[in-house]
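Report on one structure; see the data block that follows.
For the numbers below, each heavy atom of this structure counts, side chains included, while hydrogens, waters and symmetry mates do not. Throughout, protein chains are lettered first and strands after them, A, B, ... in sequence-line order, and every chain is numbered starting at 1.
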There are 2 protein chains.
Amino acid sequence: MSKPRTKIQQRNSETILDAALEVFSQHGFRGATLDQIAEVAGLSKPNLLYYYPSKEAIHVALLSGLLDTWLDPLRAMDPEGDPVEELLAYVRRKLELSRDFPRESRLFANEILQGAPRIRAVIEGDLHALVQEKAAVLTRWMDEGRIARVHPVHLIFSIWALTQHYADFDVQVHAVLGPGEPDPYPEAGRYLETLFRRLLAV
Amino acid sequence: MSKPRTKIQQRNSETILDAALEVFSQHGFRGATLDQIAEVAGLSKPNLLYYYPSKEAIHVALLSGLLDTWLDPLRAMDPEGDPVEELLAYVRRKLELSRDFPRESRLFANEILQGAPRIRAVIEGDLHALVQEKAAVLTRWMDEGRIARVHPVHLIFSIWALTQHYADFDVQVHAVLGPGEPDPYPEAGRYLETLFRRLLAV
DNA sequence: CCTGCGATTGACCGACCGGTCAAATCTTGA
DNA sequence: TCAAGATTTGACCGGTCGGTCAATCGCAGG
């Protein structure tokens, strides 16, 4: 768990992780090769393995570093704030993550698609607990009549699904919209705001 | 394009495609191996290549066979039917596809995630045309005041995202819900019906 | 200048990959 | 029955994979 010490170690470790993110998110774990990652990173393959003991170690480092960032917006949902605004802020922040970090989203999607072999424990542990905690907050808001009553966990699922879709299925989104509209995110933001406002209105 | 002729060819071709679906949907194209597929199919590797000329040919056969099935529910949306009921029927049918054919959904997700290298042409052609056609129908319905005005293509995206989520992220869904509720689909169906009824209500 | 250690790499290894091929086996119809 | 074609497979090939290792490079401190 100790962080890199020298400047060179710091820099190369980050370079490798960034290159690995690029390659893993595009080809999946088994589809990615160390040679590809090394080439993108501008390093030799043995040099990669000087900083990380194995291909899997790079992947794990990437995933564990990512999970916190990914869950932060949900953690930030304030139980004492205005329910609709808190939820919409979460939707907005999550959509921004898709727009600004599509590679991270796809890396995560790849991992889950393949049965989450390397992060199942975290998903069944931390993620499960966090969602259940926030679902309780949502249920309280519904009990207080501040948002409409829907299944709280499926509400969270729908936020994930709708926002991540724009990163994970980027190619499809652009192909279906056609070459006319290059950036779908502004319209997506408006659409999702409408959707959740109407869903949650009491 | 000619279909298998003898009974044996028919049976083995299907066996291979089913095994390939199992393996490709779980590991992606590059992550899957012919040996794995052969083992699942109960055939030898050279025997696989007697029926399909290459690994890629199996994958393409799978994808092209799948796309029609996948798009049929959207085609079935009747421009002369009741707007809300037509849309909800589409949502329901799409959710049933996720429940009954999760491997197909994951295969498709894998392909799109990796940039759709093998079906980009179809996506930019047939799929684009079909969605634009149906978007025009939705726009007409909005003009007639029969459903609320939202961006029609993003409406279709949201149906895809919300329904496919339950197949593609199956592991996450089950982990987050916990071992208590084994089948999320009934609740998902109710949730999505509520969501789209409220979104579309005029 | 040298010395010592962190950083880097060319060459290589065994395993596995997609695919080939000749030979063997099975099925069918005259 | 039996020849001919369809089907099946063990053995194998060249290439690529993740990973190793000894040798080298480069730089900071004395």
TODO: May I ask you to decide if A:Gln172's main-chain N or O and B:Arg120's side chain share a donor-acceptor pair within less than 3.5 Å?
DONE: no
Open item on the list: Just to be sure I understand: a Watson-Crick pair is purine N1 to pyrimidine N3 plus N6-O4 or O6-N4, both under 3.5 Å. Using that and G-U wobbles, which stems of three or more pairs involve DNA chain C?
Closed with: C:1-30 with D:1-30
TODO: Hey, can you tell me if B:Phe157 and B:Trp160 have their rings parallel, tilted or perpendicular (30° and 60° cut-offs)?
DONE: tilted
- [ ] Establish, for the pair A:Lys55 and A:Phe29, whether the NZ or CZ atom is under 6.0 angstrom from the six-membered ring centre and no further than 45 degrees off its axis.
- [x] yes
Open item on the list: Please determine whether the number of non-hydrogen atoms from other residues, nucleotides or ligands lying under 6.0 Å from atom CZ of B:Phe101 exceeds 12.
Closed with: no
TODO: Can you establish whether the number of heavy atoms outside B:Glu187 located under 6.0 Å from its atom CD is more than 12?
DONE: yes
Task: A:His59-A:Tyr52 side chain donor-acceptor pair, cut-off 3.5 Å - done: no
At less than 4.0 Å, is any side-chain N or O atom of [X] found next to OP1 or OP2 of [N]? Yes or no.
X	N	result
B:Asn12	D:dA6	no
B:Asn47	D:dT9	yes
B:Tyr50	D:dT8	no
B:Gln9	D:dT7	yes

Open item on the list: Distance check needed: D:dG10 C1' versus B:Leu43 CG, whole Å only.
Closed with: 16 Å
Open item on the list: Rounded to whole Å, how long is the line connecting atom NZ of B:Lys7 with atom P of C:dT28?
Closed with: 12 Å
Answer yes when [X] and [Y] have at least one side-chain N-carboxylate O distance shorter than 4.0 Å, and no when they do not.
X	Y	result
B:Asp35	B:Lys45	yes
A:Arg75	A:Asp68	yes
A:Arg99	A:Asp170	no
B:Arg149	B:Asp143	yes
B:Glu193	B:Arg92	yes

TODO: Summarise how protein sits on nucleotides 10-24 of chain C as a single string, 5' to 3': B when a protein heavy atom is under 4.0 Å from the base, S for sugar-phosphate-only contact, - for no contact.
DONE: B------SBBBB---
Task: For DNA chain C, the residues among residues 108-121 of chain B that have a non-hydrogen atom under 4.0 Å from it - done: none
- [ ] Name the nucleic acid region contacted by A:Tyr52, choosing base, sugar-phosphate or nothing; use a 4.0 angstrom heavy-atom cut-off, strictly under.
- [x] nothing
